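This report concerns only the one structure given below.
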Amino acid sequence: MGASFDFEGKSVLVTGASRGIGRGVAEAFAAANADLSILAEDAGIDTTAAEIGKQCGRPIQALRCDISDRAAVGAALARLDRIDVLVNNAGLERITPIAEPGPEVEATFARIVNINILGSYYVTRDALPKMGKGGRIIFTASIWGRTAAAEFSAYVASKHAIIGMTRALAMELGAKGINVNAVAPGWVRTDQSMLSLKRMAERSGLPESQLLEEIMAGQSLPGLMNPPDIAGLYLFLASDAAANMTGQTVNIDRGEVMS
């Protein structure tokens, strides 16, 4: 995963790293010799830190907080002296049908926005004073930030917002020598994506297997990605090889959307 990149001496923070894409990215940075800190809301972050530390033979710092909690973010990042690379990966993906009756869907919508947009903003604000020239900020967007999906309006809107934030911050932070880019994954086998697949299948009346086949039929390359398959792109964007890239959102989706 990280054989062609070396981040020795670099302090890297990955949010949403207890599982899924975040864990895959964190493992890649650890394998590339980074001084790694990982953050998530759930208690699994401590177990993940211990497991990654065992893999790479170095201690991994675990930070636990809800990134939509402004004070909690400040307290968590106060434990870090320096951040060279920030991977804003934490996010929530849930179905939010506009015609769904009752208050639950509205609460879910607000929760998604608070985590995906405000939470990423809070983390970035508190990371900036710890970053210097050559710093890297990488957001996890989504291919749905390029397109859309019915009944996922909150998640889709939040990922469009992340792409917009990436562009705005790239313009704002360029003078400080900080590069800001985003990764837009297509379908990756994670707990959240498989839950979304399940909900989509339930509402369409199709078997999950058939729906997944239809999704993959829209890709130029067959097959479903796993988190390690996309981790290398994050390493590239954090490396000197991407020194001249900023404000970009890079698709990694097996040819589902070409741009």
Side-chain angles (χ1 to χ4, degrees), residues 1-2 4-7 10-17 20-22 24-26 28-29 32 34 83-91 93 116-125 127-128 130-149 155-188 190 193 218-221 225 227-259:
M1 283 186 295
S4 60
F5 297 99
D6 189 353
F7 290 91
K10 297 290 187 180
S11 178
V12 177
L13 171 62
V14 181
T15 70
I21 290 173
V25 171
F29 275 108
I83 300 173
D84 298 301
V85 178
L86 168 63
V87 179
N88 271 311
N89 172 76
E93 178 183 336
N116 296 9
I117 303 175
L118 287 176
S120 296
Y121 173 75
Y122 295 153
V123 171
T124 304
R125 270 180 66 84
L128 273 176
K130 304 172 188 293
M131 301 187 85
K133 186 175 182 180
R136 301 284 193 271
I137 298 171
I138 304 168
F139 289 93
T140 297
S142 167
I143 206 63
W144 285 355
R146 302 281 202 187
T147 58
Y155 181 76
V156 168
S158 74
K159 293 305 182 177
H160 276 74
I162 287 297
I163 291 175
M165 191 185 304
T166 296
R167 293 170 176 162
L169 293 182
M171 296 177 71
E172 188 172 347
L173 300 177
K176 298 179 182 294
I178 296 173
N179 297 49
V180 186
N181 291 293
V183 175
W187 278 86
V188 180
T190 66
S193 66
Q219 301 174 172
S220 298
L221 298 172
M225 296 182 292
D229 297 328
I230 71 171
L233 179 53
Y234 289 81
L235 298 188
F236 167 73
L237 291 173
S239 75
D240 291 340
N244 295 298
M245 291 181 63
T246 196
Q248 305 303 310
T249 298
V250 185
N251 298 356
I252 183 164
D253 61 356
R254 300 187 69 78
E256 180 182 349
V257 175
M258 298 189 184
S259 61

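All values derive from a computational prediction rather than experimental measurement. All values below were derived from every heavy atom in this structure, side-chain atoms included, with hydrogens, water molecules and symmetry-related copies excluded.
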Does the side chain of I21 reach to within under 4.5 Å of the side chain of I230, using non-hydrogen atoms?
-> yes
Distance col, row N179:CG vs Q248:CD, nearest 0.5 angstrom, shows 10.5 Å
Inter-residue atom distance F5.CZ - K10.NZ, 0.5 Å rounding | 14.0 Å
Could you pull out the closest heavy-atom pair between V156 and A149, with the gap in Å?
-> CG2-N, 3.7 Å
M165/V180 under side chain to side chain contact (heavy atoms under 4.5 Å, CB included): CA gap, chis, key distance, verdict | CA-CA 9 Å; M165 191 185 304; V180 186; over 6 Å; no
Provide the closest heavy-atom pair for P227 versus G24 in the form atom of the first, atom of the second, distance.
-> CB-CA, 4.2 Å
Does the side chain of V14 reach to within under 4.5 Å of the side chain of Y234, using non-hydrogen atoms?
-> no
Hey, are the side chains of M258 and S220 touching, using non-hydrogen atoms and a 4.5 Å cut-off?
-> yes
Apply side chain to side chain contact (heavy atoms under 4.5 Å, CB included) to the pair R146 and I143, showing each step before the final yes or no.
-> CA-CA 5 Å; R146 302 281 202 187; I143 206 63; 4.2 Å; yes
Compare every heavy atom of T166 with every heavy atom of A182, then report the nearest pair and how far apart it is.
-> CB-OG1, 3.5 Å
May I ask you to decide if M245's main-chain N or O and N181's side chain share a donor-acceptor pair within less than 3.5 Å?
-> yes
When rounded to the nearest 0.5 angstrom, what distance separates CD1 in I163 from CZ in F139?
-> 11.5 Å
Between T249 and A184, which heavy-atom pair has the shortest distance, and what is it?
-> CG2-CB, 3.8 Å
In terms of side-chain heavy atoms, does N89 have a donor or acceptor partner in T140 at a distance below 3.5 Å?
-> yes
Min side-chain heavy-atom separation I137-L128 under 4.5 Å = yes
Not counting sequence neighbours, which residues clear side-chain contact (heavy atoms from CB on, under 4.5 Å) with D229? List them please.
-> M225, N226
So how far is it from L86 CG to T15 OG1, rounded to the nearest 0.5 Å?
-> 6.5 Å
Working for side chain to side chain contact (heavy atoms under 4.5 Å, CB included), residues W144 and K159 | CA-CA 7 Å; W144 285 355; K159 293 305 182 177; 5.6 Å; no
Looking at S120 and T124, what are the two nearest heavy atoms and their distance?
-> O-OG1, 2.7 Å
Residue pair V188, I252: steps toward the side chain to side chain contact (heavy atoms under 4.5 Å, CB included) verdict = CA-CA 10 Å; V188 180; I252 183 164; over 6 Å; no
Value for CG (L13) from CG (D84), rounded to nearest 0.5 Å, stands at 11.0 Å
Acceptor/donor pairs from residues 167-174 side chains to any protein atom, 3.5 angstrom cut, sequence neighbours excluded:
none

When rounded to the nearest 0.5 Å, the distance separating CZ of R136 from CD1 of I178 is 10.0 Å
Side chains of residues 235-244: which donor-acceptor partners sit under 3.5 Å, not counting sequence neighbours?
unit_1 : atom_1 : unit_2 : atom_2 : d
S239   : OG     : F236   : O      : 2.7
S239   : OG     : A241   : N      : 3.2

Search all heavy atoms of S259 against all heavy atoms of N251 and return the closest pair with its distance.
-> OG-ND2, 3.2 Å
